[in-house]
Amino acid sequence: MSELLNFNYPPEPAVDRVTLFADVILPLPLPKLYTYRIPFEMNDEVLVGVRVIVQFGAKRVLSCIVAEIHEQAPADYQAKYILDVLDDTPIVTVPQLKLFKWIADYYMCTLGEVINAALPSALKLSSESRIQLHPHFNPEEDDIPLAAQEVKIIYALQQNQAMTFTDIGNLLQVKSYHKYIKSLIQKEAIIIYEQVSDKFSPKVVKKIRLSEHFVQEEGMLEELFEQLTPRPKQLDILLNYLQKVPVHQDVNLNYKGIEKSALTNNPHLSKSSIDSLIKKGVLEQFDQIISRFPVDDSPRQLPMNLSEHQLQAKDEILGLFKEKDTVLLHGVTGSGKTEVYIDLIKHALEGGGQVLYLLPEIALTAQIVTRLMKVFGEKLGVYHSKFSDNERAEVWQGVLSGRFQVVVGVRSAVFLPFHNLSLIIVDEEHEASYKQYDPAPRYNARETALMMAHLQGAKTLLGSATPSIETYYNCKTDRWGLVTMLKRFGEAQLPDVELVNTREEQQRKTMHSHFSSKLLDGIEARLKRQEQVILFQNRRGYAPFISCDECSWIPKCRNCAVSLSYHKFSGELRCHYCGYHERMPSDCPACGATTLKSMGFGTEKIEDDLKLMLPSAEVQRMDLDTTKKKNSYQQIIADFENGKTNVLVGTQMVTKGLDFENVSLVGILNADSIIHFPDFRAHERAFQLFVQVSGRAGRKGKPGTVIIQTRDPMQAIFRKVKSVDYEALYAHEIEERMRFSYPPFVRMIKVTVKHADERTSENAAIVLAKDLTDRLGKQQVLGPEIPYIFRIRNLFLNEIHIKLPRENVNLRTAKGQIAMAIQQLYLMPDFKGIRVVADVDPM
DNA sequence: AGCACGCCGACT
DNA sequence: GTCGGCGTGCTC
């Protein structure tokens, strides 16, 4: 038949029903994808990126993400059918799937682990076994002998329709309730089924509006008034509604209606009369999905004016973006980087793209969110780890739908379903907290952001006052662009850094507990002048350990190779690695002496000592222990901001992003513990930390003072801190990194071998290291060595460090070799129960 | 990750 | 004799 003739016929019905298969990512740590068959009727609904429900194994029903659709029937097994499709449109985008694949490859984990970390659990479905009465079972009539416990279960099921196993367990209050369930199944009194439920529930409000014909047709309202005259209450409601929604002015207002509660909270208007109006068909009730995030309706801030320096920085950045994908904005604390970011975000939005603004957790404060809200209003999504799961799911949906054009978020915000990114900002890019340490995926959000930008053709702006050596190296070698802002905003001066030799003060006996006389005098002087003080101590708790004066006994964790920290407030000894805790003993369990003394010091002791020495001071502590509750962090900040507290003692938390105008002194209690940390990044971190803390001192005209307590003020790093000489630090560090082969000259992978038995762990690590050496070469493999903390959660640790040269090594091949070596180890009968974890680019 | 199948100790 | 402990292995 010629094509011309065909032209007159309607299109053929789809007789050729294609058999399609879907490869899905299960939210489990499994190395590969699983292939399911798509039922014909779902051919159009199953798309890459939607969630589908499948049966996995004999019982389990799981929701998973479709990664690929094809016609290739599996050769060696019968594919099961997909049971259901959950989404009309994909909830994971194609560029996202590419990114997840990259994360799994690069960080040596499974796609399932990435999906698990990425999806808010409200979007993950859970299957729970449910128990209900057997449909043919009638407890009143059927005469089946039942045990007393079984009767109890049947009775409860009559009340509840369906129960879970845990419900039954709670009901019977015995451990071995399974046998009763089993027995009841046998007696055909109950059945078990799987239920998958969507946990995400949008927040809705009940709203009401007038039924349409009353507003659409002339004269209907007048008629209604007459009708309702004998019903004064109902008339009242109608009048009230019309007052709030002036339909006569604009008919369209009716469509939006008003919240039902807006009428019922008036004592004269009762819910029942509203309901009867609904019944009559005068009003109609409808649900509206509303945002869990309060929308800031306050007028948009006037366009802010960038300072000359900020404007210049912005222009430079935009200029560099023309040739380079990544630019570092090196701006000292207080140089006003945030305004530059905001301006760039606006610029990107005008171009129609999405923007992701990443911040470390401690820097994502209410202050910054409020500020961004003022500028971007409803377009801004916030993604914070303290948010509830529903809130996170809502941001996810909002990014998908395009409601949120800008997202400000923490590390995990890199997982959001962007599909049209044009700019990513990674503020405080040097922060170690961008790296997830445990569990997998052990990803670095900065690197992940760079890859995402690459995949979506977006630009990345990294920002820091103290860039990481790796980042700066990339700028120095011209891979990335560099823009500097080294002037403090408003000509604020650099703080004056004073070093105090605590060794000398100790000899002169002028130390008061852990305070040098200089620091203590400094604090007192500020208090007199009504100024505020921040004290930094990089250790929480009261004391890192306690010791008996008589017999030198030191309490240790029973699960980890660490001493227990003393937390005075709770009267406990705590392990900071596994959370084990016990009551602080009153006398020594070893010798019975009552001479237990705390050794060293943490934030809690600083707070305590200070309260004793300066009773008039209002001291507040800010660390992991005081900020666990949802709003406690905000409260502490607020109290300090409005002057309720004069001295803030804290860990890392006090170093980030907080701008207090009245702080004129910052004290660093024990600089040495930070400088002498056994790690190749110790100096870099110490510099970053000291400079960041110092940045809290003196703003807006008041030059601040920083007092650093150390046993050796001659250490070179202090000169660099004093003059905030980043270049000097970089020059020194990069030289060391080159000489001793550390990043950025090599890529590092830390392989940790864990086992409950010390010898097994050690032997396995030796065998693994040998295998790795054979595969990768002698130069590349270091160790195994026993880490400083050699036992955590009852597992003995051994570490192997792998250094892969940047050039001439195929990273992918090398990782494949490492994965194979680990697989090989797992197969050895001697090492049953061994756990091996690979951490790529460890921090 | 779960859950099933499978092989050895303390109880109805 | 059974219930039940958790070791190993598989899940499209």
Side-chain angles (χ1 to χ4, degrees), chain A residues 19-39 42 46 48 50-85 104 108-119 121 124-131 145 147-150 164-166 169 172 174-186 192-196 438-442 754-757 760 764 793-795 822-837:
Chain A
T19 305
L20 294 176
F21 295 89
D23 294 347
V24 302
I25 307 170
L26 291 156
L28 302 172
L30 297 169
K32 29 174 208 170
L33 300 182
Y34 282 74
T35 305
Y36 284 83
R37 185 166 164 179
I38 302 174
M42 293 182 200
V46 178
V48 169
V50 299
R51 290 173 302 162
V52 293
I53 293 175
V54 297
Q55 190 176 67
F56 185 64
K59 273 193 88 180
R60 285 210 287 171
V61 177
L62 297 167
S63 76
C64 50
I65 302 285
V66 175
E68 214 163 316
I69 295 171
H70 56 83
E71 293 179 34
Q72 196 64 51
D76 42 357
Y77 57 88
Q78 192 69 38
K80 284 183 181 167
Y81 279 100
I82 284 175
L83 302 178
D84 211 346
V85 187
M108 300 181 74
C109 65
T110 69
L111 262 178
E113 285 168 323
V114 181
I115 284 285
N116 245 344
L119 289 187
S121 45
K124 289 181 242 165
L125 296 178
S126 67
S127 91
E128 268 192 301
S129 294
R130 297 265 177 157
I131 297 155
Q149 297 281 43
E150 294 175 6
T164 65
F165 278 73
T166 23
L172 299 184
V174 288
K175 242 172 136 184
S176 55
Y177 54 87
H178 282 98
K179 56 184 171 194
Y180 302 114
I181 295 173
K182 211 168 159 183
S183 152
L184 284 169
I185 294 168
Q186 239 161 32
I192 292 181
Y193 66 101
E194 295 295 316
Q195 187 186 317
V196 180
D438 212 38
R442 296 179 175 78
K754 311 179 184 184
H755 197 277
D757 179 67
T760 312
R793 294 172 196 270
N794 277 325
L795 294 175
I822 294 171
Q823 275 313 308
Q824 218 49 50
L825 189 75
Y826 282 153
L827 294 176
M828 295 181 195
D830 288 358
F831 303 133
K832 288 230 160 78
I834 207 91
R835 300 272 307 116
V836 183
V837 168

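A, B, ... follow the sequence lines: proteins, then strands. Residue 1 opens every chain.
For the pair Lys832(A) NZ and dC6(C) C1', the computed distance is 15 Å after rounding to whole Å. To the nearest angstrom, C1' of dA1(B) lies 11 Å from CZ of Arg835(A). Distance, Leu827(A) CG to dT8(C) C1': 13 Å, rounded to whole Å.
Judged as a side chain to side chain donor-acceptor pair (under 3.5 Å), and not counting sequence neighbours, Asp84(A) has no contacts.
Taking CG from Leu825(A) and CE from Met828(A), the interatomic distance works out to 5.5 Å, rounded to the nearest 0.5 Å.
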For nucleotides 10-12 of chain C, give me every protein contact, N/O to N/O, under 3.5 Å, one pair per line with atom names.
from: dT11(C); atom 1: O3'; to: Gly57(A); atom 2: N; distance (Å): 3.1
from: dC12(C); atom 1: OP1; to: Tyr36(A); atom 2: OH; distance (Å): 3.2
from: dC12(C); atom 1: OP1; to: Gly57(A); atom 2: N; distance (Å): 3.4
from: dC12(C); atom 1: OP2; to: Lys80(A); atom 2: NZ; distance (Å): 2.5
from: dC12(C); atom 1: O3'; to: Thr35(A); atom 2: O; distance (Å): 3.0
from: dC12(C); atom 1: O3'; to: Lys80(A); atom 2: N; distance (Å): 2.7
from: dC12(C); atom 1: O2; to: Thr35(A); atom 2: N; distance (Å): 2.9
from: dC12(C); atom 1: O2; to: Tyr77(A); atom 2: OH; distance (Å): 2.3
from: dC12(C); atom 1: N3; to: Tyr77(A); atom 2: OH; distance (Å): 3.3
from: dC12(C); atom 1: N4; to: Lys32(A); atom 2: NZ; distance (Å): 3.0

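Cys64(A) pairs in a side-chain contact (heavy atoms from CB on, under 4.5 Å) with only one of the listed residues (Ile25(A), Ile115(A), Val52(A)), which is Val52(A).
Each ring pair (Phe, Tyr, Trp, His ring centres under 6.0 Å) pair with one or both residues in residues 52-82 of chain A, not counting sequence neighbours, appears once here: Tyr34(A)-Phe56(A).
Taking 4.5 Å as the limit, some side-chain heavy atom of Leu62(A) sits within range of a side-chain heavy atom of Leu26(A).
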